[in-house]
Amino acid sequence: MAKRKLQKFAEIGQMPNVIQNFNWENPVLINHQQTEVKLKGKWASAFFNNQQPIVLELACGYGEYAVALGKLQPQLNFIGIDIKGNRIHHGAKLALQQGLGNVGFLRTGISLLPHFFAQNEISEIWIPFPDPYLPNSQARKRLTSPQFLQLYRQFLQPQGRLHLKTDSEPLYQYTLETLEQTSGAAIIAHTNNLYQHVLYQQFPALQIPTRYESLRPSGADTIKYICFTIN
């Protein structure tokens, strides 16, 4: 493992805005003091020291979206979720530098989130540019698959909104079809060209460029967006 990556792992272990889980069989939360902490049901009061609603960014990567959302909406708490500590390091350091006490990060697998969040504890979920897992054989891994939608129901509040941003047409169509077939799901808004849609002008949160968008990948000028609920 590269020396720089090891250094990042060591540094995030000392950051007060990062919580980590190292055990997939018996998940527990470890804070920057290397102490086990129990935050399920009390993230707002025990981690953020407030009573603000909590928003998750799934597969947050380098965390720039969570940081930007936290800066844009100080009345909310944001937690970036990712399994890769060397990436979380970037967002966590940036949040500390900007004094964003409403932004934190959780290093763990998304499938383990029901271990760490209580029923109705999360008010909103962002899924910006997840891996589309294009082979149909990997459809279960898509973060908008029926399996993951059912998982989110365990901690998302009633009427809590989910936001998907992607440049993948197959993932966009798959998600629309999945939501249409999911009992209790409702599509609030969707577009296959976000930059040209009125939603882009109305909601500043949609104007935040992810690291992925900034790299201008193929098709980046036709970003897809879906806002939905899964009651």
Side-chain angles (χ1 to χ4, degrees), residues 12 15-19 39 43-82 84 87-107 110 113 117 120-130 143-144 152 155-157 159-167 172 187-191 193-217 220-230:
I12 65 169
M15 292 181 176
N17 60 347
V18 177
I19 299 292
L39 295 173
W43 279 86
S45 60
F47 182 73
F48 290 106
N49 298 313
N50 59 45
Q51 294 298 324
Q52 297 178 170
I54 299 173
V55 181
L56 300 185
E57 182 196 355
L58 303 183
C60 70
Y62 291 89
E64 72 283 345
Y65 210 82
V67 171
L69 285 170
K71 190 173 183 178
L72 180 67
Q73 300 174 305
Q75 74 279 12
L76 301 174
N77 295 321
F78 294 88
I79 303 176
I81 313 290
D82 206 285
K84 297 185 177 180
R87 293 185 178 181
I88 282 180
H89 176 276
H90 175 82
K93 185 176 181 179
L94 193 60
L96 290 174
Q97 290 174 339
Q98 296 186 14
L100 297 175
N102 65 326
V103 179
F105 292 87
L106 172 57
R107 182 187 176 195
I110 292 172
L113 293 184
F117 296 103
N120 300 332
E121 188 166 16
I122 301 304
S123 66
E124 197 170 356
I125 295 176
W126 282 85
I127 314 174
F129 294 88
L143 293 184
T144 54
Y152 306 148
F155 49 78
L156 185 63
Q157 296 173 1
Q159 300 301 321
R161 295 190 175 190
L162 299 93
H163 308 267
L164 171 70
K165 288 179 71 177
T166 180
D167 68 340
Y172 174 69
I187 299 172
I188 297 172
H190 72 93
T191 174
N193 194 345
L194 178 60
Y195 292 170
Q196 299 302 317
H197 197 278
V198 64
L199 288 170
Y200 187 75
Q201 301 300 327
Q202 291 179 338
F203 298 99
L206 293 176
Q207 300 170 22
I208 298 172
T210 65
R211 186 185 186 93
Y212 190 74
E213 287 176 90
S214 299
L215 294 175
R216 304 298 296 172
D221 58 337
T222 55
I223 301 302
K224 292 83 170 122
Y225 170 72
I226 308 175
C227 177
F228 60 99
T229 61
I230 52 171

Q: Where is the tightest heavy-atom contact between S123 and L156, given as atom of each residue plus distance?
A: C-CD1, 3.9 Å

Q: So W126 and H163, would you call those rings parallel, tilted or perpendicular, with 30° and 60° as cut-offs?
A: parallel

Q: With side chains defined as the heavy atoms from C-beta onward, is the minimum distance between I122 and L113 less than 4.5 Å?
A: no

Q: How far does NE2 of H190 sit from NZ of K224, to the nearest 0.5 angstrom?
A: 13.0 Å

Q: Indicate the atoms forming the closest heavy-atom contact of A92 with V18, along with that distance.
A: CB-CG2, 3.5 Å

Q: Within the distance-only criterion (no hydrogens, no angle test), does the side chain of E121 pair as donor or acceptor with the backbone N or O of W43 below 3.5 angstrom?
A: yes

Q: Parallel, tilted or perpendicular: which describes the rings of Y62 and H90, with under 30° parallel and over 60° perpendicular?
A: perpendicular

Q: Over all heavy atoms of both residues, which pair between A189 and L199 is shortest? Give the atoms and the distance, please.
A: CB-CD1, 3.8 Å

Q: With side chain to side chain contact (heavy atoms under 4.5 Å, CB included) as the test, would you mind laying out the steps for F155 and I54 before giving the verdict?
A: CA-CA 11 Å; F155 49 78; I54 299 173; over 6 Å; no

Q: Just so I know, are the side chains of C60 and I81 near enough to count as touching, which here means a heavy-atom distance under 4.5 Å?
A: no

Q: Is the shortest heavy-atom distance from the side chain of P130 to the side chain of T144 under 4.5 Å?
A: no

Q: For the residue pair D82 and G61, what are the closest heavy atoms and their distance?
A: OD2-N, 2.7 Å

Q: Q207 side chain to Y200 main-chain N or O, any donor-acceptor pair under 3.5 Å?
A: yes

Q: Restricting to non-hydrogen atoms, name the atom on L39 and the atom on A46 that form the minimum distance, rounded to 0.1 Å.
A: CD2-CB, 3.7 Å

Q: What I'd like to find out is whether the side chain of K165 reaches to under 4.5 Å of the side chain of Y65, using heavy atoms alone.
A: yes

Q: Looking at CG of N17 and CD1 of I12, how far apart are the two atoms once the value is rounded to the nearest 0.5 Å?
A: 10.0 Å

Q: To the nearest 0.5 Å, what is the distance between CD1 (I226) and CD1 (I188)?
A: 11.5 Å

Q: For the CD1 atom of I79 and the CG atom of N77, what is their distance to the nearest 0.5 Å?
A: 7.5 Å

Q: Taking all non-hydrogen atoms of both residues into account, name the closest pair between L143 and A59 and its distance.
A: CD1-CB, 4.1 Å

Q: If you apply the rule side chain to side chain contact (heavy atoms under 4.5 Å, CB included), what do you find for F117 with L56, and how did you get there?
A: CA-CA 11 Å; F117 296 103; L56 300 185; 3.9 Å; yes

Q: Would you call I127 and Y152 a side-chain contact if the rule is heavy atoms closer than 4.5 Å?
A: yes

Q: Any sub-3.5 Å donor-acceptor pair from E57's side-chain atoms to E64's backbone N or O?
A: no

Q: Mind checking whether F78 and L72 have side chains closer than 4.5 Å, heavy atoms only?
A: no

Q: Nearest 0.5 Å, please: how far is OG1 in T166 from CD1 in I223?
A: 7.5 Å

Q: Kindly compute the distance separating OH (Y225) from CG (L206), expressed to the nearest 0.5 Å.
A: 4.5 Å

